There are 2 protein chains.
Amino acid sequence: MTYDKALSALGDTTRRHVFEAVARKPQSVGQIAADMPVSRPAVSQHLRVLSDAGLVMCQAQGTRRIYTACPDGLDALRSWLDRYWSEVMSRFADEVNSGKEDA
Amino acid sequence: MTYDKALSALGDTTRRHVFEAVARKPQSVGQIAADMPVSRPAVSQHLRVLSDAGLVMCQAQGTRRIYTACPDGLDALRSWLDRYWSEVMSRFADEVNSGKEDA
DNA sequence: CTTTATCGTAAGTCATAGCTTACGGTAAGT
DNA sequence: ACTTACCGTAAGCTATGACTTACGATAAAG
């Protein structure tokens, strides 16, 4: 049950941008912050939240920390989405069918 | 490009609960609020946000408004997830492989 | 050993947004 | 027509959280 953390983490726009940047290419904190309109500590705090949500992980390289996207969070997110996807889609199909039958 | 609205909308916990309740079963505003620890107007406001994100839609029935989950928002969410899913997974597989080769 | 680069954390500020109460508006029931 | 049920919106309050600056810690470089 970690999809709630993942969704809460990705709910913030700038934090989602941080994740997307890391997902596209593993980067150090400084590199991420350089491409963003917020300070480096802000990026660090966002990475902390993303890490707690299982969306990123880091690996020390000298004094730098290379952050990489982690499948765990996306995995939880996907299973959550699939569940409601099928539920909503089947109901939506039924609605359309009954609507046609009523007409 | 409406996945950002969907993610922002589902980022809040109680709002996600509202969506999940609607997704499980189409309900009126009063019914949803009855099963939640917040007031009815609060639920209305959440439904407003969910509607703007394409996650729910409503259909008047007398003085009641029956809210139903809408595929649009989930669709946008799914395509966003798929994109980063494949990207992250392939990179993750490469990391594991290179790690094994190094050992 | 000193200096430099990179980063996480703490403290404090401030805006956002979620919640409540109050109100008005529509549709059904009597 | 009057009352009741159900709902959306406005106004206001408050707490959460996102951001910044300042500091301390670690590792490489010289």
Side-chain angles (χ1 to χ4, degrees), chain A residues 2-70 73, chain B residues 2-70 73:
Chain A
T2 54
Y3 67 89
D4 55 340
K5 282 192 178 180
L7 278 174
S8 295
L10 295 173
D12 183 68
T13 304
T14 56
R15 188 157 47 222
R16 182 171 57 250
H17 288 337
V18 170
F19 170 75
E20 290 174 347
V22 169
R24 274 191 284 269
K25 177 174 176 294
Q27 281 172 315
S28 69
V29 180
Q31 288 175 329
I32 302 169
D35 297 336
M36 300 214 56
V38 295
S39 70
R40 181 195 56 75
V43 173
S44 264
Q45 292 164 6
H46 284 308
L47 287 168
R48 164 91 165 156
V49 176
L50 292 171
S51 178
D52 288 344
L55 286 164
V56 301
M57 51 189 182
C58 78
Q59 144 190 8
Q61 182 174 319
T63 167
R64 296 188 193 171
R65 304 224 170 176
I66 308 298
Y67 278 84
T68 315
C70 180
Chain B
T2 54
Y3 68 88
D4 55 340
K5 282 191 178 182
L7 277 175
S8 296
L10 295 174
D12 181 69
T13 303
T14 56
R15 187 156 50 223
R16 183 171 58 250
H17 288 336
V18 171
F19 170 76
E20 291 174 346
V22 169
R24 273 192 285 268
K25 176 175 176 295
Q27 281 172 313
S28 69
V29 181
Q31 288 176 328
I32 303 169
D35 297 337
M36 299 213 58
V38 294
S39 69
R40 181 194 55 76
V43 173
S44 264
Q45 291 163 7
H46 284 307
L47 287 168
R48 164 91 165 154
V49 176
L50 291 171
S51 177
D52 288 345
L55 286 165
V56 300
M57 52 189 184
C58 78
Q59 145 189 6
Q61 181 173 319
T63 167
R64 297 189 192 171
R65 304 223 170 177
I66 308 298
Y67 278 85
T68 315
C70 181

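If you're wondering where the values come from, they're calculated on a predicted model, not measured in any experiment. The sequence lines fix the lettering, A, B, ..., with proteins before strands; numbering per chain opens at 1.
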Near-strand residues of residues 11-19 of chain A, defined as heavy-atom separation under 4.0 angstrom from DNA chain C:
none

Spatial distance of atom [atom1] ([X]) from atom [atom2] ([Y]) [nearest 0.5 Å]:
X: A:T2; Y: A:D4; atom1: OG1; atom2: CG; result: 7.0 Å
X: A:R65; Y: A:I32; atom1: CZ; atom2: CD1; result: 13.0 Å
X: B:R40; Y: B:Q45; atom1: CZ; atom2: CD; result: 10.0 Å

Distance in angstrom units between [X] [atom1] and [N] [atom2], rounded:
X: A:Q59; N: D:dA27; atom1: CD; atom2: P; result: 16 Å
X: B:Q61; N: D:dA5; atom1: CD; atom2: C1'; result: 14 Å
X: B:L47; N: D:dT9; atom1: CG; atom2: P; result: 11 Å
X: B:Q31; N: D:dA5; atom1: CD; atom2: P; result: 16 Å
X: A:R40; N: D:dA25; atom1: CZ; atom2: P; result: 16 Å

Steps toward side chain to side chain contact (heavy atoms under 4.5 Å, CB included) verdict (B:L55, B:C70)
CA-CA 5 Å; B:L55 286 165; B:C70 181; 5.9 Å; no

Quick check: does any side chain N or O of A:R15 sit under 3.5 Å from a backbone N or O of A:H46, one acting as donor and the other as acceptor?
no

Nearest atoms (heavy-atom pairs only) where [X] meets [Y]:
X: B:L50; Y: B:A9; result: CD2-CB, 4.1 Å
X: A:A21; Y: A:Q27; result: O-OE1, 3.6 Å
X: B:K5; Y: B:D52; result: CD-O, 3.8 Å
X: B:A69; Y: B:A23; result: CB-CA, 3.8 Å

Using OP1 and OP2 only, check whether a side-chain N or O of B:Y67 sits under 4.0 Å from D:dC6.
no

Choose from D:dC7, D:dT20, D:dA11 the nucleotide whose nearest atom is closest to any side-chain atom of B:R65.
D:dC7

Checking A:V56 against A:T68 for the side chain to side chain contact (heavy atoms under 4.5 Å, CB included) test, could you report, in this order, the C-alpha distance in whole Å, the side-chain angles of both residues, the deciding distance, and whether it holds?
CA-CA 5 Å; A:V56 301; A:T68 315; over 6 Å; no

Could you check A:S8 against B:R16 for side chain to side chain contact (heavy atoms under 4.5 Å, CB included), going step by step and ending with a plain yes or no?
CA-CA 10 Å; A:S8 295; B:R16 183 171 58 250; 4.1 Å; yes

Can you give the first and last nucleotides of DNA chain C, 5' to 3', that have an atom under 4.0 Å from a heavy atom of chain B?
C:dG18 to C:dA28

Bend angle of the helix from C:dC1-D:dG30 to C:dT30-D:dA1, end axes from five pairs each (to 10°):
20°

Could you check B:S44 against A:V49 and say which one's nearest nucleotide on DNA chain D is further toward the 5' end?
B:S44

